[in-house]
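Worth saying up front: this structure is predicted, and the values here are computed from it rather than measured.
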Amino acid sequence: MIDMATRALLSLGCFVGVGAALMIPFTQAGTGERVVSILALVLGIGIVAGSVAARLLSSRRRQRNDAMADLIDDPIVTTKENP
């Protein structure tokens, strides 16, 4: 579920960031359009960075859980003295 959400956020961030980057050359310096385009670019970069970080953390957590499952699932061997 986290993988699907981070993939959707990554797509959204790329869409916003690329759209804003394409609009910056067509706006005049010092206007409201330029400010909005720069803010949208920063927002897109932030969304991409957040989704990549969440994806890395979730994969690291999944690897840690898989490693712990291997340690927990060891069969218990009883000795003859301990019935």
Side-chain angles (χ1 to χ4, degrees):
M1 175 132 166
I2 290 178
D3 291 335
M4 204 162 40
T6 56
R7 193 175 304 148
L9 281 175
L10 184 63
S11 297
L12 175 68
C14 288
F15 178 76
V16 170
V18 169
L22 290 174
M23 286 302 296
I24 289 176
F26 297 111
T27 58
Q28 295 177 359
T31 60
E33 293 97 2
R34 175 68 62 102
V35 172
V36 170
S37 296
I38 291 172
L39 288 176
L41 180 63
V42 170
L43 178 69
I45 291 170
I47 291 172
V48 168
S51 65
V52 168
R55 195 166 180 90
L56 289 174
L57 288 174
S58 70
S59 69
R60 187 173 296 160
R61 181 175 294 142
R62 188 177 316 116
Q63 289 172 356
R64 186 178 61 219
N65 288 343
D66 290 344
M68 288 302 293
D70 290 341
L71 295 176
I72 294 171
D73 292 340
D74 289 341
I76 297 173
V77 178
T78 58
T79 60
K80 290 183 181 178
E81 297 94 25
N82 213 4

Next on the checklist: Within this structure, what is the CG-OG distance for the pair L9 and S51, rounded to the nearest 0.5 Å?
Outcome noted: 6.0 Å
Next on the checklist: For a quick test of reading the model, state the closest non-hydrogen atom pair linking I24 to R34 and the distance between them.
Outcome noted: O-NH2, 3.3 Å
Item to check | side-chain hydrogen bond (donor to acceptor under 3.5 Å, both in side chains) partners of residues 5-14, not counting sequence neighbours, each pair once | outcome: T6-R55
Checklist outcome for this item: Grouping ILVMFWY residues whenever side-chain heavy atoms fall under 4.5 Å, the cluster of V36 otherwise contains none
Next on the checklist: To the closest 0.5 Å, what do you measure between CG (L12) and SG (C14)?
Outcome noted: 9.0 Å
Checklist entry - Shared ILVMFWY cluster between V48 and I45, side chains joined below 4.5 angstrom? => result no
Next on the checklist: Once rounded to the nearest 0.5 Å, what's the spacing between atom CG of L22 and atom CG of L41?
Outcome noted: 10.0 Å
Item to check | Co-members of L39 in a cluster of I, L, V, M, F, W and Y side chains, linked at under 4.5 Å | outcome: V35
